[in-house]
Protein chains: 2
Amino acid sequence: MKKKAGVTLVDVAKLAGVSVMTASRALSGEGYSSEETKAKVQAAAKQLGYIPNALARMMKGAKTNVIGVVVNDLSSSVVNCFVTALSEEVRKVDMDLFIYNSLGDMGGGKGKRLSQMLHGLWDGLVYVLPRMTDDYLETLEKSTSPIVMINYFRHETSLPVVGGDNVNGARDAVSYLLELGHRRIAFVRGSAYTGQSDLRERGYAAALAEAGIALDPELICEGNFQEQMAMEGTRKLLALADPPTAIFAASDAMALGCFNAIREKGLRIPQDISVIGFDDIPAAAMAQPPLTTLRHPFEAMAQAAVQELMRRIKGEPGRRHRIEFPSELVMRESTGPAPAAMPAKRSRARQV
Amino acid sequence: MKKKAGVTLVDVAKLAGVSVMTASRALSGEGYSSEETKAKVQAAAKQLGYIPNALARMMKGAKTNVIGVVVNDLSSSVVNCFVTALSEEVRKVDMDLFIYNSLGDMGGGKGKRLSQMLHGLWDGLVYVLPRMTDDYLETLEKSTSPIVMINYFRHETSLPVVGGDNVNGARDAVSYLLELGHRRIAFVRGSAYTGQSDLRERGYAAALAEAGIALDPELICEGNFQEQMAMEGTRKLLALADPPTAIFAASDAMALGCFNAIREKGLRIPQDISVIGFDDIPAAAMAQPPLTTLRHPFEAMAQAAVQELMRRIKGEPGRRHRIEFPSELVMRESTGPAPAAMPAKRSRARQV
DNA sequence: TTGAAAGCGCTAACAT
DNA sequence: ATGTTAGCGCTTTCAA
């Protein structure tokens with residue numbers, strides 16, 4: 001296989017009886033060319049089944065008109081929501097979008113390959129909920145390609161970050177539960193990679209502090225943003241001597257895991273126990289009962305990310321280093337008033 | 001911006017005091033080069049922060065080592081399962097994988113752009129559950145690039161197709177319900193794009209025919225593979241004078257939609273009504289009750305697709321034109337014996 | 001309006 | 001073990 005089977009512009013030009021350059025112009029519409037030659041060239045192109053080689057075109061102009069999105073875990077609903085929103089935004093600015101699934105491997109192992117792909121193929125990159133080593137982040141910061149991150153709070157970084165307001169979102173969630181009369185409110189953590197879980201926990205602690213309720217370490221349970229682990233954690237929570245009357249899960253997926261553990265025990269949501277999530281993934285609205293949660297403005301965030309990226313691609317200065325979007329409390333049916341407390345429990349709850 | 005900011009191999013070679021070619025060899029490890037120069041060049045590359053331009057490299061060898069996956073709807077769980085499985089398979093053969101989300105637009109509108117991207121960037125393409133116009137399919141068939149499709153049955157095609165055995169899977173599903181004593185079995189259709197829904201419906205019809213039960217058009221309801229529409233359809237099904245005792249949904253997502261409508265009516269699954277899905281997406285196992293369904297062997301199918309694609313990329317003849325994988329019945333808790341029939345209904349059911 | 005030449009960054013093939 | 005030449009397919013000069 002010496003030659004790539006494809007038809008090249010040279011072939012088209014030859015058939016049309018013009019120079020390569022003329023053919024190029026006729027097909028791209030850039031520069032001048034008579035209607036006549038244009039028609040002739042287009043006919044030739046069609047006849048030969050000519051398809052321009054994207055690579056070669058990209059090599060010249062520094063622009064590829066492609067934006068890359070890097071994710072670690074495509075099966076995450078949140079990631080999915082962002083990717084879908086980004087796809088639509090990118091289309092609006094007339095670029096193409098390719099998604100690269102690093103399968104959780106960013107910086108370790110073969111991560112090197114990714115950072116190589118990084119170059120030349122894209123005009124810019126969006127990292128969605130990235131999960132990267134510190135080394136990798138450093139490499140990225142040094143890179144000259146335009147980069148924007150979505151929801152990365154693990155470290156301070158010089159890269160632009162578009163994110164939700166996790167602290168205030170979480171505070172709102174917990175305040176809402178407090179208003180409903182809950183006092184024993186559990187928190188299910190997510191994994192630490194993006195730093196979001198920590199912020200949400202901070203909001204949780206802040207709301208409790210404002211209400212004068214001491215933090216009970218028993219009520220904080222480990223999680224990884226996924227259903228399974230939240231289910232296991234909730235089982236333990238429910239087995240506590242003084243179990244919570246409400247659970248704030250750091251993600252909707254985990255909130256749905258809580259649902260399962262709660263039902264398993266024969267308890268009702270929200271009569272016996274309230275559950276509130278974070279993110280507002282599609283499954284939240286479809287759950288039984290529909291899940292109360294905090295909504296990320298996915299579309300707005302995607303738009304901001306793309307705009308910021310385009311600005312950098314065009315060489316304009318970035319507008320802001322960090323863009324935060326407030327999360328909106330979506331009240332559905334998984335939250336309700338705290339159940340009337342039993343005397344024994346009441347006394348224990350008060351002791352704090 | 002005349003020059004791309006990036007450091008090129010020329011810069012590295014200059015700094016290291018060697019020729020470009022030597023630098024190339026030292027970095028790639030191909031061909032001979034002394035340890036000394038290798039070290040020198042690598043140091044220079046590191047110092048300058050050199051990143052090879054993927055594009056330029058691709059232009060030479062006809063191979064890009066990239067496989068593209070084209071999907072219409074990334075938010076579909078089934079698509080997601082395939083993409084994830086493909087990502088892993090592709091990694092095993094040491095290629096990279098990029099995902100292109102056509103957002104439902106394949107052949108119409110800007111579809112042209114996609115088919116252009118097709119060229120040069122990829123060594124091969126996998127279309128997952130494609131949703132394309134006939135024109136587009138024809139273009140693809142004429143294309144010289146290696147292409148494999150997953151679960152496309154809409155038309156006969158010369159392209160290799162890796163697919164599940166929809167007819168027999170559906171037949172198994174319905175046979176199972178029949179064994180459980182169900183006689184009024186509804187079917188919720190999916191959208192027609194890939195042709196899978198039709199095949200599943202055929203299996204449904206076949207199983208009923210084998211059991212000597214006539215098809216009741218009232219029991220067949222429209223759907224689009226998604227939760228919402230199945231929910232609406234199920235409401236109508238349940239409002240029927242002689243409602244079904246079991247529902248076979250053409251996808252898990254729809255089966256979960258059925259769940260909602262059933263619960264809404266205060267009915268229990270599976271005591272009052274059984275539900276069976278198709279695909280075995282992750283949410284199926286986590287549902288309440290866990291959903292009985294037909295499992296696609298995602299991993300095996302992804303592997304077959306990648307292997308077939310690699311064979312074509314390497315210029316070897318494709319092994320098979322069409323590779324089918326049987327679906328496996330996964331019995332969970334959403335199916336149970338048919339409820340004892342009421343006299344009135346019994347008689348109607350018998351009339352067929 | 002068209003054409004010729006140059007070169008993007010890299011590597012295969014052939015020298016040295 | 002290293003350097004030189006040439007060329008991938010296209011577009012950006014510049015000249016006609």
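In what follows, chains are A, B, ... by sequence order, proteins preceding strands, each numbered from 1.
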Task: Whole angstrom value for the distance that separates C1' of D:dT11 from OH of A:Tyr32 - done: 17 Å
Open item on the list: Salt bridge or not between B:Glu308 and B:Arg312? Use side-chain N to carboxylate O under 4.0 Å.
Closed with: yes
Open item on the list: Any salt bridge linking B:Arg322 with B:Glu156? Criterion: basic side-chain nitrogen under 4.0 Å from a carboxylate oxygen.
Closed with: yes
- [ ] Indicate, with a heavy-atom threshold strictly under 4.0 Å, whether B:Thr37 touches base, sugar-phosphate, or nothing.
- [x] sugar-phosphate
Open item on the list: Without decimals, in angstroms, what is the distance between B:Lys14 NZ and D:dG3 P?
Closed with: 15 Å
TODO: Tell me which nucleotide among D:dT11, C:dC10, D:dC10 gets nearest to the side chain of A:Ser24.
DONE: D:dT11
- [ ] Answer with yes or no after comparing the ring centroid distance for A:Phe98 and B:Trp122 against a 6.0 Å cut-off, counting only values under it.
- [x] yes
TODO: Whole angstrom is fine here: how far is it from CD in A:Glu36 over to C1' in C:dT1?
DONE: 12 Å
Open item on the list: Less than 4.0 angstrom from a charged side-chain N to a carboxylate O is my criterion; do A:Glu89 and A:Lys92 meet it?
Closed with: yes
Open item on the list: Measuring from the side chain of A:Ser19 (C-beta onward, heavy atoms only), which nucleotide among C:dC10, D:dT4, C:dA4 has the closest atom?
Closed with: C:dA4
Task: B:Ser34 side chain, from C-beta outward: closest of C:dG9, D:dT11, D:dA1 - done: D:dA1
- [ ] Starting from P on C:dG9, measure out to CG on B:Asp11 and report it in whole angstrom.
- [x] 9 Å
Task: Aromatic centroids of A:Phe298 and A:Phe82 separated by under 6.0 Å - done: yes
Open item on the list: I want to verify a distance call: between C:dG9, D:dG3, D:dC10, whose nearest atom is closest to the A:Tyr50 side chain?
Closed with: D:dC10
Task: Nucleotide nearest A:Ala56 when distance is taken to its side chain, options C:dG9, C:dT2, D:dC10 - done: D:dC10
TODO: Return the value, rounded to whole Å, for the distance between atom NZ of B:Lys40 and atom C1' of D:dT2.
DONE: 11 Å
Task: Among D:dG3, C:dT2, C:dT11, the one nearest B:Val18 by side-chain distance - done: D:dG3
Open item on the list: Quick one about A:Ser34 and A:Thr37 (side-chain donor to acceptor, distance below 3.5 Å, no hydrogens or angles considered), yes or no?
Closed with: yes
- [ ] State, without any angle test, whether A:Tyr100 and B:Asp96 hold a side-chain donor-acceptor pair at a distance under 3.5 Å.
- [x] yes
TODO: Rounded off to whole Å, could you give me the CE-to-P distance for the B:Met21 and D:dG7 pair?
DONE: 16 Å
Open item on the list: So if I take the C1' atoms of five pairs at each end of the helix from C:dT1-D:dA16 to C:dT16-D:dA1 and get each local axis, what angle do the two axes make, rounded to 10 degrees?
Closed with: 40°
Task: Candidates C:dC10, C:dT2, C:dA13 - which lies nearest the side chain of A:Ser33 - done: C:dT2
- [ ] Mind calculating the distance between CG (B:Leu9) and P (C:dC10) to the nearest angstrom?
- [x] 5 Å
Task: Atom-to-atom span, CZ of B:Arg25 to C1' of C:dA13 - whole angstrom - done: 10 Å
